[in-house]
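Values below: all heavy atoms of this structure, side chains included; hydrogens, waters and symmetry mates excluded.
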Amino acid sequence: MSRLASVRRTLLCLTAAAVVSAPLLAARQSTTLKDIVPKGWLIGVAINQNQSDGRDTQAVDVITRQFNSISPENLLKFQSVHPQADRYTFDAQDRYVAFGRDRGMAVIGHNLVWHSQTPAWVWAGADGGLADRATMLARLHDHITTVVGRYKGRLRGFDVVNEALNEDGTLRDSPWHKGIGDDYIAKAFEFAHEADPGLELYYNDYNLATQPAKRAGAVRIIKDLQRRGIRIDAVGEQGHWRMDTPTPQQIDQAITELRATGVKVMITELDVNLLPSGPPPARGQAPSAADNPYANGIPDDMQQALARRYADIFRVFLKHRDDITRITFWGLSDADSWLNRGRMNFPLLWDRQRQPKPAFDAVVKVLTEK
Ligand code: XIL
């Protein structure tokens, strides 16, 4: 940081300290989201291994005070928990589950079936091509039975299938789909239910608010499961959103339409991306200034705009308080967010120092005015 920038920053901090009165500051520290969300909502956060292992004590402290649910950012994905056909790794995963159980939190599983973060052996046939249906179904069954069975009775729910849809609402032609066929989704839900009949089962995807055709695809998946008599409890809209999209009206309509299927709605991976979209810089290359416009922080007007955006979003959630069962942020602080990827992003409610941002205050305000 240049000397001038550092002087400016000090001055800014001093001004901020002067305008936030001592009682207000104390209130900010003691307000906890889990105490002010509507009854019946879970308020969650995705945690990483530094957090579930307890190494990141500052984050653990905030997570423990603020949230009543956790999701595993990566630990329960196929490649983490089942890297080889005959090898499961459960050490860190067991600690993740214990982290939440010890704190009386609703512990979520994410996820059982996805085209991403899944090792290639899962889909490979003996001849080097794709495995046949029977082989792939056997692998799917083994994986789901083992992972869900291990935590039977200890998880609230699991994202059984993640991101099965194309933007036009057709089924993504993932290796799971290619190898098994359309009913791979029904099979996955069936196997999960068999392994833990008490577990809530979710379908999870993104862009369900912005893309009506994709949302219609999600509705078809839900109805197909219902028609087959297979358990599904909720649909998750991931909620990887931006400042201008989706609009509050689009979020409102999406919740209404998804809820009309009869299942509950969850926002499972909420964050608000402030960076310009577009292809990421090539591996090993520094991003250009245009791609990384807030390398030295965001200006105050943007901080306030983000706070207003979060307030608008939460107002829609509150309107649907009886339709929604959980809101989960995808990461605790800006330092933890997957959206940085070599740039500086500011998508969450806590800053890099793990201090609550104006967006946190805005969410608290909306939730307490309800
Ligand atoms: C992301 C994690 O946050 C990253 O750490 C990882 O490198 C890639 O996956 N949709 C999902 C999540 O369902 O599992 C993804 O999580 C973000 C998009």
**Study point:** Test side chain to side chain contact (heavy atoms under 4.5 Å, CB included) applied to Gln304 and Asp300, step by step
**Key:** CA-CA 6 Å; Gln304 300 306 328; Asp300 191 56; 3.5 Å; yes
Review point. Checking salt bridge (charged side-chain N to carboxylate O under 4.0 Å, His left out) for the pair Lys357/Asp351: CA distance, chi angles, key distance, verdict?
Key: CA-CA 6 Å; Lys357 292 157 62 175; Asp351 68 16; over 6 Å; no
Check your understanding: Given Asp361 and Lys365, is the salt bridge (charged side-chain N to carboxylate O under 4.0 Å, His left out) satisfied, shown in steps?
Key -> CA-CA 6 Å; Asp361 298 330; Lys365 187 152 179 282; over 6 Å; no
Exercise for review: May I have the step-by-step check of side-chain hydrogen bond (donor to acceptor under 3.5 Å, both in side chains) for Arg326 and Thr328, ending in yes or no?
Suggested key: CA-CA 6 Å; Arg326 174 164 59 91; Thr328 292; 2.8 Å; yes
Practice item. List the steps, then state whether side chain to side chain contact (heavy atoms under 4.5 Å, CB included) holds for Asp56 with Gln58. Key: CA-CA 6 Å; Asp56 186 346; Gln58 190 192 31; 4.2 Å; yes
Practice item. Please test Leu225 against Leu201 for side chain to side chain contact (heavy atoms under 4.5 Å, CB included), starting from the C-alpha separation and ending with a verdict. Key: CA-CA 11 Å; Leu225 292 170; Leu201 307 182; over 6 Å; no
Check your understanding: Going through the distances and angles, do Trp176 and Leu171 end up as a side chain to side chain contact (heavy atoms under 4.5 Å, CB included)?
Key -> CA-CA 11 Å; Trp176 286 119; Leu171 287 183; over 6 Å; no
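With no hydrogens or angles considered, no side-chain donor-acceptor pair links Asn345 and Ser337 at under 3.5 Å.
Using a cut-off of 4.0 Å between Lys/Arg side-chain N and Asp/Glu carboxylate O, Asp322 and Arg259 are scored as not salt-bridged. Classification of Arg354 and Asp336 as a salt-bridged pair holds, one side-chain N sitting under 4.0 Å from a carboxylate O. Of the charged side-chain nitrogens involved, at least one lies within less than 4.0 Å of a carboxylate oxygen, so that Asp224 and Arg228 count as a salt-bridged pair. Here Asp312 pairs with Arg315 in a salt bridge; the nearest charged N to carboxylate O distance falls below 4.0 Å.
A distance of 10.5 Å separates CG in Asn111 from OG1 in Thr268, rounded to the nearest 0.5 Å. How far CG of Leu208 is from CG of Leu258: 6.0 Å, rounded to the nearest 0.5 Å. Going from atom CG of Asp334 over to atom CD1 of Ile298 covers 7.0 Å, rounded to the nearest 0.5 Å. Interatomic distance, CD of Glu269 versus CD of Glu73, reported as 9.0 Å (0.5 Å rounding). Rounded to the nearest 0.5 angstrom, Phe158 CZ and Tyr151 OH are separated by 8.5 Å. For the atom pair CH2 of Trp338 and NE2 of His240, the computed distance is 4.5 Å after rounding to the nearest 0.5 Å.
Thr247 places no side-chain N or O within donor-acceptor distance of the main-chain N or O of Thr245, the cut-off being under 3.5 Å. In this structure, the side chain of Ser333 does not engage the main chain of Gln353 through any donor-acceptor pair within 3.5 Å. Of the possible donor and acceptor atoms, none in the side chain of Gln211 sits under 3.5 Å from a partner among the backbone N and O of Ala213. Ser69 places a side-chain N or O within 3.5 Å of a backbone atom of Ala106 that can act as its donor or acceptor partner. At distances below 3.5 Å, not a single donor-acceptor pair connects side-chain atoms of Asn162 with backbone N or O atoms of Leu112. For Arg309 (side chain) and Ala359 (main-chain N/O), no donor-acceptor pair under 3.5 Å exists by modelled atom type. Panel note: side chain Arg150, backbone Val147; no donor-acceptor pair is recorded below 3.5 Å. Judged purely by atom type and a 3.5 angstrom limit, Thr256 uses its side chain to pair as donor or acceptor with the backbone of Asp252.
Both Ile222 and Leu199 are part of a single hydrophobic cluster, where members link through side-chain heavy atoms under 4.5 Å apart. Under the 4.5 Å side-chain heavy-atom criterion for grouping Ile, Leu, Val, Met, Phe, Trp and Tyr, Val272 is connected to Leu332 within one hydrophobic cluster. Hydrophobic cluster membership is shared by Val107 and Phe99, with clusters built from Ile, Leu, Val, Met, Phe, Trp and Tyr side chains linked at under 4.5 angstrom. Taken together through direct or relayed side-chain contacts under 4.5 Å among Ile, Leu, Val, Met, Phe, Trp and Tyr, Ile144 and Leu137 form part of one hydrophobic cluster. Leu348 and Ile327 end up in the same hydrophobic cluster when Ile, Leu, Val, Met, Phe, Trp and Tyr side chains are linked at under 4.5 Å.
Residues Arg103 and Val60 approach most closely at NH2-CG1, 3.4 Å, considering heavy atoms. Here the shortest heavy-atom pairing between Gly169 and Arg220 reads O-NH2, 3.1 Å. Of all non-hydrogen atoms in Tyr203 and Phe189, the two that sit nearest each other are N-CZ, 3.9 Å. Closest heavy-atom contact between Ala209 and Arg215: O-NH1, 3.4 Å. Taking all atoms of both residues into account, the shortest heavy-atom contact from Leu306 to Met243 is N-CE, 3.7 Å. Among all heavy-atom pairs drawn from Asp53 and Arg95, the shortest one is OD1-NE, 2.7 Å.
Qualifying ring-ring contact (aromatic ring centres under 6.0 Å, His included) partners for Phe67, counting only residues two or more places apart in sequence or in other chains: Trp350.
Between His143 and Tyr88, the ring planes lie parallel to each other; the angle is under 30°, not in the 30° to 60° tilted range. Ring planes of Tyr184 and His177: perpendicular class, angle over 60° (limits at 30 and 60°).
Within the 4.5 Å cutoff, the side chain of Ile251 has heavy atoms near those of the Phe317 side chain. In this structure, Val263 and Gln226 have side chains that are in contact, with non-hydrogen atoms separated by less than 4.5 Å. When side chains are defined from C-beta on, Trp114 counts as touching Glu163, because their heavy atoms get closer than 4.5 Å. Within the 4.5 Å cutoff, side-chain heavy atoms of Pro299 are placed close to those of Tyr294. Annotation: side chain of Asn48 is not in contact with side chain of Asn74 (no heavy-atom distance under 4.5 Å). Using a 4.5 Å heavy-atom cutoff, the side chains of Leu75 and Val81 are not in contact. Residues Arg352 and Asn340 have side chains in contact (heavy-atom distance under 4.5 Å, counting atoms from C-beta outward). Looking at heavy atoms from C-beta onward, Phe360 lies out of side-chain contact with Gln355 at the 4.5 angstrom threshold.
A ring-ring contact (aromatic ring centres under 6.0 Å, His included) with His110 is found for exactly one of Tyr202, Tyr96, Phe78, Trp330, namely Trp330.
Heavy atoms from other residues, nucleotides or ligands lying under 6.0 Å from NZ of Lys319 number 12 at most.
Pairs passing the salt bridge (Lys or Arg N to Asp or Glu O under 4.0 Å) check and including a residue from residues 123-146, sequence neighbours excluded, read Arg133-Asp183.
For His82 and Trp121, the gap between ring centers is short of 6.0 Å.
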